[in-house]
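Each remark here refers to the structure printed beneath this line.
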Amino acid sequence: MKSIAEQITQLKGEIRRLENKYSRAENSVHLLAVSKTKPLSDIKEAIACGQRDFGENYLQETLGKIHELSGNAAIWHFIGPVQSNKTRAIAEHFQWLHSLDRLKIAQRLNQARPETKPPLNVCIQVNISQETSKSGINESAIFELAKNIRNLPNLKLRGLMALPKPADTLEEQREQCMRLKLLFDELNNQGYALDTLSMGTSSDMEAAIAEGSTMLRIGTAIFGARN
Ligand SMILES: *Cc1c(COP(=O)(O)O)cnc(C)c1O
């Protein structure tokens, strides 16, 4: 098996190739390494080859990692479902939240964000495939939530996130990614200066880059399969 450093180098090359293929600006697609369930040693290996952004889903597990790695310049992104009882720890320890889908959670995060820290960067998670099992807000409710987040000074709305349902072909994957991009463009047309379109995982990164992703969330293709 390849080392994590080799996987990251290969992945970055692949991202540059796809930026070029789809006429995206060089370095316009950032890499968020999804390290959920993976040990500290794996994260350290990624940090050693220059990776800074890490995505995690499980709060207790991540708080331990953040503590252990506090001397490193790692940036922590929470990408999992958020219950009310997790908002304080997320507001205190993370720089980003990709999975915001309710006003009540936004208000709690705003209240809990320490004054000493810059606003928490947030993305609204959209249920793009309209699956009842998936978290995320319905498309029609995005605009109201975005408007309300504007009134919360300790949150900074950066963009939209989605985890589309698995699709077999590049065309089907692109169709879902395109829907999120259209919503992103619509918000920017309304005056939101959003810069982050969080879409694309190990299995649909080409479709995501083709449709305008600015941040890929990649786990398996860096750290290998999860147990
Ligand atoms: C686990 C996870 C990923 C990473 O998926 P891979 O297929 O391992 O690349 C991306 N986004 C979210 C929200 C996840 O939970």
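Whatever order the structure lists them in is the order used to number ligands and atoms, beginning at 1.
Between the side chain of Gln95 and the backbone N or O of Asp53 there is no donor-acceptor pair closer than 3.5 Å.
In plain terms, the two heavy atoms of Glu19 and Ser28 that are nearest each other are OE2-N, 3.1 Å.
Every residue was checked against the salt bridge (charged side-chain N to carboxylate O under 4.0 Å, His left out) condition with Lys117, not counting sequence neighbours, and none meets it. The side-chain hydrogen bond (donor to acceptor under 3.5 Å, both in side chains) check on Arg113 picks up nothing, with sequence neighbours excluded.
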Ignoring hydrogens and angles, write down the donor-acceptor pairs under 3.5 Å from the side chains of residues 142-156, residues two or more places apart or on other chains.
residue, atom, partner, partner atom, Å
Asn148, ND2, Glu144, O, 3.1
Asn154, ND2, Asn110, O, 2.9

List, for ligand 1, each N/O atom that has a protein N/O partner under 3.5 Å away, with both atom names and the distance.
residue, atom, partner, partner atom, Å
ligand 1, 8 (O), Thr220, N, 2.8
ligand 1, 8 (O), Thr220, OG1, 2.6
ligand 1, 8 (O), Arg226, NH1, 2.8
ligand 1, 8 (O), Arg226, NH2, 3.2
ligand 1, 9 (O), Ser202, N, 3.0
ligand 1, 9 (O), Ser202, OG, 2.5
ligand 1, 9 (O), Gly219, N, 2.9
ligand 1, 11 (N), Arg217, NE, 2.9
ligand 1, 11 (N), Arg217, NH2, 3.4
ligand 1, 15 (O), Lys36, NZ, 2.7
ligand 1, 15 (O), Asn57, ND2, 3.1

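Distance OG1/Thr9 to NZ/Lys12: 7.5 Å, rounded to 0.5 Å.
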